[in-house]
2 protein chains.
Amino acid sequence: MRINFELLDLRAFLAVLETGSFHKAAEQLNLSQPALSRRIKQLEETLGAPLLERTTRRVAATVVGRELQPLLVRLLDELESSVLSMSATGKLQHGQVTIACVPTAAFYFLPQVIRQFHAAHPNIRIRILDLSASEGLKSVAQGECEFGISMLGSADPELTFTPLMDDPFVLACHRDHPLAARKSVEWGDLSNELLIGVSRHSGNRTILDNALANANVRLNWFYEVNHLSTSLGLVETGIGISVLPRLATPQDDHPTIVTLPILGPVVSRTIGIVERRNGRLSPAAARFRALLAESRSTPPGCPLSTLS
Amino acid sequence: MRINFELLDLRAFLAVLETGSFHKAAEQLNLSQPALSRRIKQLEETLGAPLLERTTRRVAATVVGRELQPLLVRLLDELESSVLSMSATGKLQHGQVTIACVPTAAFYFLPQVIRQFHAAHPNIRIRILDLSASEGLKSVAQGECEFGISMLGSADPELTFTPLMDDPFVLACHRDHPLAARKSVEWGDLSNELLIGVSRHSGNRTILDNALANANVRLNWFYEVNHLSTSLGLVETGIGISVLPRLATPQDDHPTIVTLPILGPVVSRTIGIVERRNGRLSPAAARFRALLAESRSTPPGCPLSTLS
DNA sequence: CGAAATTGATGCGCATGGCGCATCAATAGC
DNA sequence: GCTATTGATGCGCCATGCGCATCAATTTCG
């Protein structure tokens, strides 16, 4: 059996029991009394049982109506709260934005943008999935978050990429290391060093390997770890040096670690916003994305596969 | 915020996600594709956030849509099952009838009528509130059951009464009692006996007292108990005799108790159907009541206060 | 890479359903 | 018994929701 009535019918029934009057219930629902009377009659016919016993001066629920009333109150209350929540989300008064972000970019972009966004929309929560680049792209592709902040990765025609900034790879070494006294180094300077790197399957490593292959530079990756932060930890112990994205290194002076630009050529990864090609952002997510884009103005997004 | 959409909108949204197609969802809901497209669009505008991401070949829920979907599935499933239940009740395919009945009448009227009703409507349950006469009338008046089987009690203008049968008061005594050998007795025969009776506030006692006052008969109520069955129990011990409604006495031969008609005059209580004056019965209750009435045809009900 | 098939969105006109007004019948209070 | 009020019904009107036709976009296939 298909549902063959409307929400207004159910609300009319509940309003009559609440107010004790067809007239008052009609007022409550912005209807005339005859319109409400017809709605009640139609609902009773649809359900095949009387719900109300009434005279011109009195109204009460039948036994069937008594059974139905608490159920309808609960269902309509739940529906109404969820609608209220949806509507508040739509008006940026309440809700949540879910985005994926590679951890190294999170610390750079998000604090300031989150501060701005929160000041403007104090009741909207930001939910950040801190995932690896590949996991983050997958999360966006599968619709688990509204967009992601990531870097150029595998070409996926379903995703678009809006660059925000270039993040150069730099050298990280212990203060006591001979190279630490330089203002910058070249790739050739690193040829004889024992280098600490991340997994060869990671996005960062893929970008780096491609760029260096083009420049005929070969490096000696002696240690391989899974997380950039582990690279930094090992550098701190002095057992080797590492090539890392700038954002993954300490932003301020560090007691034991020195970071130096690597020239000839400068190799960078591009950090940007990843979205589904036909995605539609909720108003809150759209606003958050706008603030992100403003923090670094760039041309409109295009498919990843067209970026060189 | 008021609910400003319809059940069909919600069902359209869920149907699209279930079928993966506006076309197929429209078919499912007996709409054309443009009509369904408009419903989705209107729902999204009402809620202030997109629910679906779609191209001409593909459709998926947004993050907001994903959050809403399980809630709506549950709410609409519950609504649909309760409507199915109501509809089955309306068509006498399923449901429940609740009536109040004084215990002494229950054994007489209900077994046969319940058998007939159950044969015709095997999936409708009969719920019997076995209450005293006064409690039964109150339950009917307050809408806790659809009607009651009771006797003439306090005049309540909100209730109507349809007589089913007259139930005479009879003498119950031990087989060894001197009166047991008679075929009948008169009230005068009881003047010098120690009588067991129920509470002077009970319906039965009120009827009896009124009738005997009119006939200038005075009885000696020596013992007073709360339940008619207790009267019978005491009669069985031989400590006294009792005046009881015929229906409250053993219907068959009893090893120790004899029941005799009491003449000059015959005093009876009237058992009948009690209803709210403006009551509306569910179809099942209406059918059950009709079977009851058929078991003893009587004139249409009239207000209790007009019965002499 | 272009053509073809298919699908969601939109313009348009029409029919119907839901509405409010007027009124009736019933109810409750004085 | 009269009066005021309320729920139910008849009636006419109009706004809404519909389907048809069509467009633009998407995906598949040769």
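Lettering follows sequence order; numbering is per chain, from 1. Everything numeric in this text was worked out from a predicted model, so none of it was measured.
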Roughly how many Å is it from [atom1] in [X] to [atom2] in [N], rounded to a whole number?
X: A:L36; N: D:dA8; atom1: CG; atom2: P; result: 9 Å
X: B:D9; N: D:dG17; atom1: CG; atom2: C1'; result: 11 Å
X: B:I40; N: D:dG17; atom1: CD1; atom2: P; result: 14 Å
X: A:E53; N: D:dA8; atom1: CD; atom2: P; result: 13 Å
X: A:L8; N: D:dT16; atom1: CG; atom2: C1'; result: 15 Å
X: A:L29; N: C:dG18; atom1: CG; atom2: C1'; result: 15 Å
X: B:R39; N: D:dG19; atom1: CZ; atom2: P; result: 10 Å
X: B:E27; N: C:dG8; atom1: CD; atom2: P; result: 11 Å

Of all the nucleotides listed ([options]), which has the minimum atom distance to the side chain of [X]?
X: A:Q33; options: C:dG8, D:dA8, C:dT27; result: D:dA8
X: B:F22; options: D:dT27, D:dT9, C:dG8; result: C:dG8
X: B:P34; options: C:dA9, D:dG17, D:dG7; result: C:dA9
X: B:S32; options: C:dG8, D:dT6, D:dG19; result: D:dG19
X: B:R38; options: C:dC19, C:dA25, D:dC18; result: D:dC18
X: A:A35; options: C:dC19, D:dG17, D:dG7; result: C:dC19
X: B:L31; options: D:dT6, D:dC18, D:dC20; result: D:dC18
X: B:K41; options: C:dT10, D:dT27, D:dA8; result: C:dT10
X: A:E6; options: D:dC18, C:dG8, C:dG18; result: C:dG18

Think [X] has a side-chain N or O under 4.0 angstrom from the OP1 or OP2 of [N]?
X: B:R54; N: C:dA9; result: yes
X: B:H23; N: C:dG8; result: yes
X: A:T55; N: D:dT6; result: no
X: A:R277; N: D:dT27; result: yes

When you check the gap from the basic side-chain N to the acidic O, do [X] and [Y] get nearer than 4.0 Å?
X: A:E146; Y: A:R289; answer: no
X: B:E44; Y: A:R280; answer: yes
X: B:R276; Y: B:E158; answer: no
X: A:R39; Y: A:E6; answer: yes
X: A:E78; Y: B:R74; answer: yes

Exercise. What about A:R58, does its side chain sit under 3.5 Å from the base of C:dA26 through a donor-acceptor pair?
Worked result: no
Problem set entry | Under-3.5 Å donor-acceptor pair between A:R57 side chain and D:dA4 base |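 It does, because a donor-acceptor pair links the side chain of A:R57 to the base of D:dA4 below 3.5 Å.
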Exercise. So which one's nearest nucleotide on DNA chain C is more toward 5', B:K24 or B:N278?
Worked result: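 Going by which nucleotide is closer to the 5' end, it is B:K24.
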For this session: Find which nucleotide of DNA chain D each of B:T56 and A:G20 is nearest to by heavy atoms, and output the residue with the more 5' nucleotide.
Result: A:G20
Problem set entry | Minimal non-hydrogen separation, B:I99 against B:C145, with atom names |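 Here B:I99 and B:C145 meet closest at CA-CB, 3.9 Å.
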